[in-house]
Amino acid sequence: MSEETLFSKIIKGEIPADIIYQDEHCIAIKDIAPKAPVHLLVIPRKIIPRIIDAEAEDQALLGHLMLAAGKIAEEAGIGEAFRLIINNGAGAGQTVFHLHVHILGGKNFSESSLGF
Ligand code: AMP
């Protein structure tokens with residue numbers, strides 16, 4: 001069993017969060033420190049520390065996260081323009097070692113760099 005993480009505690013209801021979507025494989029919450037007008041996090045219930053730690057058996061789960069992210073972005077009203085970002089490792093800015101997909105939208109990214 002993987003160690004508890006901030007996000008696994010949110011999934012268990014031990015830490016409050018603004019949960020905007022959930023299904024049997026993942027939840028989505030509002031980011032506590034939004035970097036865009038819409039900033040959501042899609043988090044698998046399974047604790048995978050980083051995307052590089054995912055294995056072949058996680059293939060369907062990873063696909064599920066992408067499909068859920070699209071649906072969640074649509075429901076959040078940003079279906080036409082949003083970014084999905086996964087930070088892998090501290091050097092890439094990862095601070096919570098429980099895989100999550102950032103959904104960022106509600107602003108014009110067309111002239112900005114990938115930095116957020
Ligand atoms: P990363 O830097 O890719 O690991 O992303 C972690 C994200 O989690 C950051 O954008 C944080 O603002 C966000 N975050 C940290 N604590 C919480 C929390 N309690 N509820 C919601 N989002 C959080």
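Values in this document were obtained by computation on a predicted structure and should not be read as measured data. Whatever order the structure lists ligands and atoms in, that order sets their numbers, starting from 1. Heavy-atom basis, side chains included; hydrogens, waters and symmetry copies ignored.
- Each of the atoms 1 (P), 2 (O), 3 (O) of ligand 1 lies under 4.0 Å from some heavy atom of Asn87.
- Under a 4.0 Å criterion applied to the non-hydrogen atoms of Ile29, ligand 1 contributes the atoms 21 (C).
- Atoms of ligand 1 lying under 4.0 Å from any heavy atom of His100, numbered from 1 in the order shown and given with element: 1 (P), 3 (O), 4 (O), 5 (O), 6 (C).
- Sorted by first and then second residue, the side chain to side chain donor-acceptor pair (under 3.5 Å) pairs involving residues 43-55 (not counting sequence neighbours) are Gln22-Arg45, Lys46-Glu57, Lys46-Asp58, Arg50-Asp53.
- Taking a 4.0 Å cut-off on heavy atoms, Phe97 fails to register as neighbouring ligand 1.
- The shortest side-chain heavy-atom distance between Leu40 and Glu75 does not fall under the 4.5 Å cut-off.
- Here Ile43 contributes atom CD1 and Phe7 contributes atom CZ; the two are 4.5 Å apart, rounded to the nearest 0.5 Å.
- The environment of Glu14 atom CD is dense: over 12 non-hydrogen atoms of other residues, nucleotides or ligands sit within 6.0 angstrom.
- Applying the 4.0 Å criterion to heavy atoms of Ala33 picks out, from ligand 1, the atoms 12 (O).
- A 4.5 Å side-chain heavy-atom check between Leu61 and Ile48 finds at least one atom pair inside the cut-off.
- Between Ile19 and Ile29 the shortest side-chain heavy-atom distance falls below 4.5 Å.
- Considering both main-chain and side-chain atoms, Gln94 never comes within under 3.5 Å of ligand 1 through any nitrogen or oxygen pair.
- For ligand 1, the atoms closer than 4.0 angstrom to any heavy atom of Gly93 are 1 (P), 2 (O).
- No side-chain heavy atom of Leu65 sits less than 4.5 Å from a side-chain heavy atom of His25.
- One option in Ile10, Ile32, Leu104 has a heavy atom closer to atom 21 (C) of ligand 1 than any other, and that option is Ile32.
- Below 4.0 Å from some heavy atom of Phe7 lie the following atoms of ligand 1, by number and element: 8 (O).
- Those atoms of ligand 1 that come under 4.0 Å of a heavy atom in Lys30, given as number and element, are 21 (C).
- Partner Leu41 forms a side chain to side chain contact (heavy atoms under 4.5 Å, CB included) with one of Ile20, Ile27, Asp31, Ile103 and no other, that one being Asp31.
- Residue contacts with ligand 1, taken as heavy atom pairs separated by less than 4.0 Å, involve Leu41 solely via side-chain atoms from C-beta onward.
- The six-membered or imidazole ring of His102 lies near that of His100, with a centre-to-centre distance under 6.0 Å.
- Polar contact with ligand 1: absent for Leu6 (N/O pair, distance under 3.5 Å).
- Distances between N or O atoms of His39 and those of ligand 1 include no value under 3.5 Å.
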